[in-house]
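FYI, the numbering just counts along the sequence from 1.
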Amino acid sequence: MGYSAGSGFVCAPAVLRLAVPESMRPTNFLFLAAAFSIGTFLANSMFLLSFLISPTVFSAGLTFAAGQILKCK
């Protein structure tokens, strides 16, 4: 997980810099940082909560919830 988060923090800003207009970069970089922070927090908290709910069920539930939210928009 550490390598993935590290490479994401290195590669994603480089790609965004090339793909996003300069006026929209602050918003995109803020969203990127928030998404990585939340993703890392949830990935670590899954195993802290494993005595309550299985990590597989937890991650599947988050994926389902995200799909439902995007479908409603």
Side-chain angles (χ1 to χ4, degrees):
M1 187 173 71
Y3 287 121
S4 298
S7 64
F9 269 121
V10 171
C11 296
V15 171
L16 279 177
R17 185 167 183 249
L18 296 172
V20 176
E22 196 170 325
S23 63
M24 294 180 67
R25 284 185 192 159
T27 304
N28 284 305
F29 283 121
L30 176 65
F31 176 76
L32 175 70
F36 273 117
S37 298
I38 292 169
T40 304
F41 174 75
L42 288 174
N44 286 311
S45 65
M46 276 194 319
F47 298 102
L48 293 174
L49 299 173
S50 64
F51 65 93
L52 293 174
I53 187 169
S54 163
T56 305
V57 173
F58 185 72
S59 60
L62 289 174
T63 304
F64 176 76
Q68 293 301 313
I69 290 169
L70 292 175
K71 188 169 74 170
C72 291
K73 289 184 177 186

Should [X] and [Y] be regarded as members of a common hydrophobic cluster, given that ILVMFWY residues are connected when their side-chain heavy atoms come within less than 4.5 Å of each other, either directly or indirectly?
{"X": "Leu49", "Y": "Phe41", "answer": "yes"}
{"X": "Val57", "Y": "Leu42", "answer": "yes"}
{"X": "Ile38", "Y": "Met46", "answer": "yes"}
{"X": "Phe36", "Y": "Val20", "answer": "yes"}
{"X": "Phe47", "Y": "Leu62", "answer": "yes"}

- Query: Would a distance-only check, ignoring hydrogens and angles, find a side-chain to backbone donor-acceptor pair under 3.5 Å from Ser59 to Thr56?
  - Reply: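 Present.
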- Task: First locate atom CG of Leu52, then atom CZ of Phe58, and finally report the distance between them rounded to the nearest 0.5 Å.
- Result: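 CZ of Phe58 is found 10.5 Å from CG of Leu52.
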- Would you give the length of the straight line joining atom OG of Ser37 to atom CG of Leu32, rounded to the nearest 0.5 angstrom?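 Atom-to-atom, Ser37:OG and Leu32:CG are 9.0 Å apart.
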